[in-house]
Protein chains: 2
Amino acid sequence: MPKISKNSEGVSKKEEILNAAIILFAEQGFSNTSITEVAKATNASTANIFYHFKTKEELFLAALQNVKEGIISHFDEYFKDREFENGLQMMEEIIAYYLYIAGAMEQWFLLLHSHYPYRLALVNEVCREHLEKTYNSLVEIFEKAVVKGKEDGSIADVDSRKTALVIFSMIEGVVRFKIYNLYDSGVLFAELIKSCNKILKYKE
Amino acid sequence: MPKISKNSEGVSKKEEILNAAIILFAEQGFSNTSITEVAKATNASTANIFYHFKTKEELFLAALQNVKEGIISHFDEYFKDREFENGLQMMEEIIAYYLYIAGAMEQWFLLLHSHYPYRLALVNEVCREHLEKTYNSLVEIFEKAVVKGKEDGSIADVDSRKTALVIFSMIEGVVRFKIYNLYDSGVLFAELIKSCNKILKYKE
DNA sequence: GATAAAACTGATTAGTCAGTCAGTGTTTAG
DNA sequence: CTAAACACTGACTGACTAATCAGTTTTATC
């Protein structure tokens, strides 16, 4: 009796397993998610998961890589054929898109906000590289807006990198409040943009 | 043969267990920390831990309560007999103290930044109350500075609560970068204060 | 120094965990 | 059509898990 794959097309069992793993690791954490759970969610045997991914840790690293690539490609897509009035306007739209993605792809940000990958990064180079690449790409996006704004005059003469980092950490703080159900980012959005404008428009 | 307690004075076995639990839960997470580990760290039997704390979850809740009380009492102590020039100055000193405490008592903030308590809060009222109380106390501190600054003229006519929330999320973002070893908060400190000043000194 | 309450332990249990392995079905390429 | 590579499974293992319990030791009180 041949088993017909649930996926009508394109999505292999391996991808199906990976996608389920991202959601489960994000929602429940690494230690609290068992391979059996991933297996149940995908109608696979645990042995099959270990056939595709050598260990549970490797499955997690694949999930992290997937998240990294997802975030980067989403932003690449967003910037494609998009023009911005000026740097300040660009920053505002980036923040709006960041908060949108953090809501739409909450699993990605839950995974990135969990403690496990940062502990793993201390002993695992691959993990460290995924995290570094992800964060560098994100900070770079903010930095680009600052540099552009300084050129077109919409942003004051501030330190591009440091200002980008502070704004990024402000957004990440709000994203954390949102995904941990502490405060709603919608309520804070207008205030966030206002604060961001002040940081960018004034030199001290 | 009477067993002499390791603690020369004051610290009971129960407290010893609780302190070890805070550190282990903070560093390794709830699921990845076993009662056996806590037992080994305190030279106690697992049965004794279950004698003092009915379940592993209750031990975690006690740890969270301890963190809550620790943070609140540290800030209470900090404000005791302390005068501030004005609201803006007060804010700067609060931020400095916040970052200091987040470094000195890193376990507390690691515990508060882990995902587990926020998941638990969805189904456990006690947990929810601990988290709410902790965050309300912290936001209130920032809000007090804004209110004071608006009174003495050092801070512009901004929305006190919302501005406090945005600044708080900015600080929490930086704290997260610090405790997850992403960026050093020392490098960002000066920039943080500058940005904060701009947010507070200008009305749009 | 007797008594009771509190603190503590060793041994155990039922269950879950990541990971293995020998073997079966399925796809693909010549 | 065949052979090899690939995808997949059921049954299993040894290590670990939270929690229990009957019984012992320590402490506090009179």
Side-chain angles (χ1 to χ4, degrees), chain A residues 1-22 24-25 27-64 114 116-117 119-120 123-124 126-127, chain B residues 1-22 24-25 27-64 116-117 119-120 123-124 127:
Chain A
M1 54 193 91
K3 196 161 197 173
I4 291 131
S5 176
K6 261 197 334 193
N7 317 298
S8 48
E9 227 153 280
V11 181
S12 67
K13 199 82 194 172
K14 189 174 177 180
E15 288 172 292
E16 205 189 332
I17 290 166
L18 191 53
N19 288 330
I22 291 172
L24 288 168
F25 283 148
E27 285 177 355
Q28 312 183 333
F30 178 80
S31 303
N32 204 39
T33 300
S34 69
I35 294 293
T36 310
E37 271 181 285
V38 181
K40 272 183 190 153
T42 54
N43 285 313
S45 62
T46 61
N48 192 24
I49 292 175
F50 285 110
Y51 168 74
H52 287 298
F53 305 94
K54 232 165 56 192
T55 61
K56 190 186 175 187
E57 186 175 301
E58 207 171 84
L59 175 58
F60 182 84
L61 288 174
L64 191 62
S114 70
Y116 179 75
R119 254 184 300 137
L120 185 58
V123 294
N124 184 302
V126 176
C127 185
Chain B
M1 55 193 90
K3 195 164 198 173
I4 291 130
S5 174
K6 262 198 335 194
N7 317 297
S8 48
E9 225 152 282
V11 181
S12 68
K13 199 84 193 172
K14 189 175 177 179
E15 289 171 292
E16 205 189 333
I17 290 165
L18 190 54
N19 288 331
I22 291 172
L24 288 169
F25 283 148
E27 286 177 356
Q28 313 183 334
F30 178 79
S31 302
N32 203 39
T33 301
S34 68
I35 294 294
T36 311
E37 271 181 285
V38 181
K40 273 182 189 154
T42 53
N43 285 313
S45 64
T46 61
N48 192 24
I49 293 175
F50 284 109
Y51 167 74
H52 287 297
F53 305 93
K54 232 166 55 192
T55 62
K56 190 186 174 187
E57 186 176 302
E58 206 171 85
L59 175 58
F60 182 84
L61 288 173
L64 191 62
Y116 180 74
R119 254 184 300 136
L120 185 58
V123 294
N124 183 304
C127 185

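The chains referred to below are lettered A, B, ... by the order of the sequence lines, with proteins before strands, and numbering in each begins at 1.
Annotation: side chain of A:Leu64 is not in contact with side chain of A:Val126 (no heavy-atom distance under 4.5 Å). A 4.5 Å side-chain heavy-atom check between B:Thr42 and B:Asn48 finds every atom pair outside the cut-off.
When rounded to the nearest whole Å, the span between CZ of A:Phe53 and C1' of D:dC8 equals 14 Å. The distance between atom NZ of B:Lys13 and atom P of D:dT25, rounded to the nearest whole Å, is 18 Å. Note: CD (B:Glu16) to P (C:dA7) measures 14 Å, nearest angstrom. Regarding B:Leu59, its CG atom lies at a distance of 15 Å from the C1' atom of D:dT17, rounded to whole Å. Rounding to whole angstrom units, CD1 of residue B:Ile49 and P of C:dA7 are separated by 15 Å. Distance A:Lys40 NZ to D:dT9 C1': 16 Å, rounded to the nearest Å.
The side chain of A:His52 places no N or O atom within less than 4.0 Å of a non-bridging phosphate oxygen (OP1 or OP2) of D:dC6. Dashed line: the shortest gap from a side-chain N or O of B:Tyr51 to OP1 or OP2 of C:dC8 is not under 4.0 Å. For C:dT9, one of the phosphate oxygens OP1 or OP2 lies less than 4.0 angstrom from a side-chain nitrogen or oxygen of B:Asn48.
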Grab the N/O contacts between the protein and nucleotides 18-21 of chain C below 3.5 Å, and write none if there aren't any.
residue, atom, partner, partner atom, Å
C:dA18, OP1, A:Thr33, O, 3.4
C:dA18, OP1, A:Lys56, NZ, 2.8
C:dA18, OP2, A:Ile35, N, 2.9
C:dG19, OP2, A:Lys56, N, 2.7

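Proximity of a side-chain donor or acceptor of B:Glu58 to a complementary backbone N or O of B:Thr55 within less than 3.5 Å is not detected.
For A:Ser45, counting side-chain heavy atoms from C-beta on, the closest listed nucleotide (D:dT9, C:dC8, C:dT9) is D:dT9.
The aromatic rings of A:Tyr116 and A:Phe60 sit perpendicular, their planes meeting at an angle over 60°, well past the 30° parallel limit.
Cation-pi geometry between A:Lys14 and A:Tyr51 is not met: the NZ or CZ atom fails to fall both under 6.0 Å from the ring centre and inside 45° of the normal.
Under 4.0 Å is where a charged nitrogen must lie from a carboxylate oxygen, and between A:Glu37 and A:Lys40 no such pair does.
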